[in-house]
*Asks:* 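Okay, handing you the structure first.
Computed from heavy atoms alone, side chains included, the values below leave out hydrogens, waters and symmetry copies.
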Amino acid sequence: MRRAVALIVLTLWPVLAAAQAIAQDTGTDLGAPLDAEQFDALTLGRTITYAQDGVPYGTEAYRPGHKVIWAFTESECREGDWFQRGEDICFDYHDDTPLQCWQFHDTPSGLVAQFQDPEGGVQSPLVGLSDSKDGLDCPAPDLGV
C-alpha cells in the first residue's frame, strides 16, 4: 500500500509543482476569461481534477447540456448545471450551496479557475491537474455513469 501511495505521489509530483507555480503567481495576466462556448469546447466530455496551492481540491465531470458532477476530494458527488453570467462561468448545484462563479483561463500549464467571491475575497486559483474522458466515480446511484 505504501508503495502504491509513493508511486502516485511521484507520478503527480511534476503536475503538483506546476500547479503550485501557477497558484503562487496569481498576479500574472492570464488574458481574457473563457466564454461559455470556449469553456464548453475545452471541458465537454472530460473529467478534470483541480488543485489549489498544489494540493488536490476536487474533481468535476462535464456532461452535455451544461451539466456537471462535482466532488471535493474524498467527498460525495453533487450534480449541477453551469451557465455564463458576464465574464463568469457559474455553477448551481441545486442545494444549499450558494452560486459558485469562476473565471476560467486556458493556459499552457492547463485550465486555471479563479473564484469570483461576491464578498471581494481572494482565493488561490484552482489549476487543472489531470484530465480524462472517464466519468467521475460516485457512490450514489446514477451519478458518474
*Asks:* Could you give the distance from CD (E79) to SG (C138), rounded to the nearest 0.5 Å?
*Replies:*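 Result: 8.5 Å between the selected atoms.
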
*Asks:* Backbone N or O of G86 within a donor-acceptor pair of the Q84 side chain at under 3.5 Å?
*Replies:*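 Yes: the side chain of Q84 pairs with the backbone of G86.
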
*Asks:* Table please: side-chain donor-acceptor pairs of residues 30-44 below 3.5 Å, with sequence neighbours left out.
*Replies:*
| residue | atom | partner | partner atom | Å |
| --- | --- | --- | --- | --- |
| D35 | OD1 | E37 | N | 3.1 |
| D35 | OD1 | Q38 | N | 2.8 |
| Q38 | OE1 | D35 | N | 2.8 |
| T43 | OG1 | F39 | O | 2.8 |

*Asks:* List, by chain and then residue number, the residues other than L99 in its hydrophobic cluster (Ile/Leu/Val/Met/Phe/Trp/Tyr, side-chain heavy atoms under 4.5 Å); write none if there are no others.
*Replies:*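 The other cluster members (ILVMFWY side chains, heavy atoms under 4.5 Å, direct or chained) are F83.
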
*Asks:* Just so I know, are the side chains of Q103 and I89 near enough to count as touching, which here means a heavy-atom distance under 4.5 Å?
*Replies:*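 The answer is no; the side chains never approach within 4.5 Å.
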
*Asks:* Who passes side-chain hydrogen bond (donor to acceptor under 3.5 Å, both in side chains) against D81, sequence neighbours left out?
*Replies:*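 So D81 forms a side-chain hydrogen bond (donor to acceptor under 3.5 Å, both in side chains) with K67, H94.
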
*Asks:* Can F91 be reached from W70 by stepping across I, L, V, M, F, W or Y side chains whose heavy atoms are under 4.5 Å apart?
*Replies:*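 Both belong to a single hydrophobic cluster.
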
*Asks:* Consider only side-chain heavy atoms of I, L, V, M, F, W and Y, link residues closer than 4.5 Å, and tell whether I48 and W102 are in one cluster.
*Replies:*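 Yes: a chain of side-chain contacts under 4.5 Å links I48 to W102.
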
*Asks:* Kindly indicate whether the side chain of R78, heavy atoms from C-beta on, has any atom under 4.5 Å from the side chain of F72.
*Replies:*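 Counting from C-beta outward, R78 and F72 do come under 4.5 Å.
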
*Asks:* Does any N or O in the side chain of Q116 come within less than 3.5 Å of the main-chain N or O of Q114, such that one atom is a donor and the other an acceptor?
*Replies:*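 At least one qualifying donor-acceptor pair exists.
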
*Asks:* Over all heavy atoms of both residues, which pair between S124 and D53 is shortest? Give the atoms and the distance, please.
*Replies:*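 S124 and D53 have their closest heavy atoms at OG-OD1, 2.7 Å.
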
*Asks:* Partners of T73 by side-chain hydrogen bond (donor to acceptor under 3.5 Å, both in side chains), sequence neighbours excluded?
*Replies:*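 With sequence neighbours excluded, T73 shows a side-chain hydrogen bond (donor to acceptor under 3.5 Å, both in side chains) to no residue whatsoever.
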
*Asks:* Does one hydrophobic cluster hold both L136 and W82, with members joined at side-chain heavy-atom distances below 4.5 Å?
*Replies:*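 Different clusters: L136 never reaches W82 through Ile, Leu, Val, Met, Phe, Trp or Tyr contacts under 4.5 Å.
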
*Asks:* Name every donor-acceptor pair, under 3.5 Å, that has one atom in a side chain of residues 54-61 and the other anywhere in the protein, sequence neighbours excluded.
*Replies:*
| residue | atom | partner | partner atom | Å |
| --- | --- | --- | --- | --- |
| T59 | OG1 | T49 | OG1 | 3.0 |
| E60 | OE1 | Y62 | OH | 3.4 |
| E60 | OE2 | Y93 | OH | 2.8 |

*Asks:* Not counting sequence neighbours, which residues clear side chain to side chain contact (heavy atoms under 4.5 Å, CB included) with D134? List them please.
*Replies:*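 Scan of D134 (side chain to side chain contact (heavy atoms under 4.5 Å, CB included), adjacent residues dropped) gives S132.
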
*Asks:* State, yes or no, whether a side-chain contact exists between L129 and Y50 at a heavy-atom distance under 4.5 Å.
*Replies:*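 Sidechains of Y50 and L129: no contact.
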
*Asks:* Before giving the answer on side chain to side chain contact (heavy atoms under 4.5 Å, CB included), spell out for C101 and R85 the whole-Å C-alpha distance, their side-chain angles and the decisive distance to 0.1 Å.
*Replies:* CA-CA 8 Å; C101 294; R85 182 174 73 184; 3.3 Å; yes

